[in-house]
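Note sheet for the following structure.
Lettering follows sequence order; numbering is per chain, from 1. Just so it is clear, the model here is predicted, and its values are computed rather than measured.
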Amino acid sequence: MLQVPFIRENKDLVITRLAKRNIDATNMIDQVIALDEDRRRIQSNLDNTLAESNTISKEIGNLFKAGKAQEANLLKEKTSLLKESSKQLSEDLNRKSNELNELLYKIPNVPNEIVPAGNTDEDNEEVFKEGDIPVLHDEALPHWELAKKYDIIDFELGNKITGAGFPVYKGKGARLQRALIAYFLDKNTEAGYTEYQLPHLVNEASGFGTGQLPDKEGQMYHVTEDNLYLIPTAEVPGTNIFRDTLLNEGDLPIGITGYTPCFRREAGSYGAHVRGLNRLHQFDKVEILRIEHPTQSYKALDGMVNHVKSILQELKLPYRILRLCGGDLGFTSALTYDFEVFSTAQDRWLEISSISNFETFQANRLKLRFKNADGKNQLAHTLNGSSLALPRVLAGILENYQTKEGIVIPEVLQSYTGFSIID
RNA sequence: GGAGAAAUGGCAGAGUGGUCGAAUGCGGCAGUCUUGAAAACUGUUGAGGGUCACACCUCCGGGGGUUCGAAUCCCUCUUUCUCCGCCA
């Protein structure tokens, strides 16, 4: 959620930056400013009314103490009028505030200056590319065929137990999953992130805190009986650790990492690109998350990008980094870098990580603040990214490391898997 | 699931109708001392709205009520703790 004073003072900037998302926010912004003016006007009326009745109440108290009951009773009559108008005013105020908030919930974050304008993923800007694309043998297969051939992932079995998009990992496939999780967590903790094990279900307030609600309600699995949501990413429980908190400046920066399964309804995605591991309802992901001082957050973003780079270098996978264009940028993000690994057998890039700076957009709704050097409470910046999401990394490994003899395990993973080839 | 107790500032914890936005301790910040740090001592320190700045208003888990006046009384919801039951 954007901050109203920021909108008020940077109206033109907000509108031109939101245009990068192909949104003409002029009307919404005007409305925000108008509603805010109304709100403040009503508030000030209400304040004056309440101030008057507070004064009278004190007088009444004093009169009673002085034994002047009759005069006190006269004053009492006066308060009933004030009461009525303050009731009316506070109703008006509530209505305006709610209207304002509903509108604010609908306005996405203001993109950073360097975010390219654009509509679709084709307008994303490639900023880095590394790693050799292997030349595969003639009988090379896409990962879903490999999974069947070596009996390491069973998609049909998942259909039977749950439904499409809930694969079952078996034998060396399951072990490879576990190895990747352990490896990612080790890399992240080595880089200074503190490991957390987080709940996989969250309440409504947490959903609001990170912006999944009310926006993407339909994308989360909802346990109606207890009104809880299955997490679509560890970002939700992880960031909500800091909901309604006031940190000291010295507490910053904070870095945490956690492995969780992620549950996504993915309503509306069908077709060839969802085959195999490409798009799932349940998948595993190791997340990194940072709370930063506003002056440090972009440096931290670069640091996160470099960290994920180093992992992909170790895994020796061909990858590229994209700076997302306005149209592809998530609702809450100000700047996002996507990592994509090249799937040789499918001849396409697969997104495996998304690293974003949310600036104060999440912190505002979360009320995540720190006491700055001037002793003022200031919103912190939040960032997060995948480090890394499992299924597509797994797809990339299976496809790029396949040989006629079997699938070779990347060297850095072998101490985790305990084997060097799947055959 | 049953019975009882509780929810107060960054944290812990007093406060049972008016001078309480709230004692005290811890923590934070500033200073004294010190080569520096620690300790000790002194001062300062709740949040949000509003204002150029004051004034002023709101907030003691959420919502509603009683009252001229509520952290304090009543209703309701939520959460936590203790005991019992069940249980990986």
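- Comparing B:G48, B:G18, B:C57 by their closest approach to the side chain of A:Arg369 singles out B:G48.
- For RNA chain B, the neighbouring residues in residues 75-89 of chain A, judged by any heavy atom under 4.0 Å, are A:Lys76, A:Thr79, A:Lys83.
- Picking from B:G18, B:C56, B:U51 the nucleotide with the shortest atom distance to the side chain of A:Ser57 gives B:G18.
- Candidate nucleotides B:U51, B:G49, B:C68 were compared by shortest atom distance to the side chain of A:Gln43, and B:G49 ranks first.
- Applying the side-chain hydrogen bond (donor to acceptor under 3.5 Å, both in side chains) test between A:Lys371 and each of A:Asn248, A:Asn377, A:Asp251 identifies A:Asn377 as the sole match.
- For the C1' atoms, the distance linking B:G46 with B:A22 amounts to 10 Å, nearest Å.
- Considering only side-chain atoms of A:Arg39, the nucleotide from B:C57, B:A47, B:G50 that sits closest is B:G50.
- Of the listed nucleotides (B:A47, B:C57, B:G49), B:C57 has the atom at the smallest distance from the side chain of A:Ala51.
- Identified under the side chain to side chain donor-acceptor pair (under 3.5 Å) test for residues 407-423 of chain A, with sequence neighbours left out: A:Asp186-A:Tyr416.
- The OG1 atom of A:Thr162 lies 9.0 Å from the CG atom of A:Leu157; values are rounded to the nearest 0.5 Å.
- Looking at the side chain of A:Phe64, the nearest of the listed nucleotides B:G10, B:G49, B:C68 is B:C68.
- Dense packing is recorded around CD of A:Glu91, with more than 12 heavy atoms of other residues, nucleotides or ligands lying under 6.0 Å away.
- Residue-to-nucleotide contacts include no donor-acceptor pair under 3.5 Å from the side chain of A:Asn248 to the base of B:G27.
- For the strand RNA chain B, secondary-structure stems (runs of at least three Watson-Crick or G-U pairs, all distances below 3.5 Å) span B:1-7 with B:78-84, B:10-12 with B:24-26, B:27-32 with B:40-45, B:46-49 with B:56-59, B:61-65 with B:73-77.
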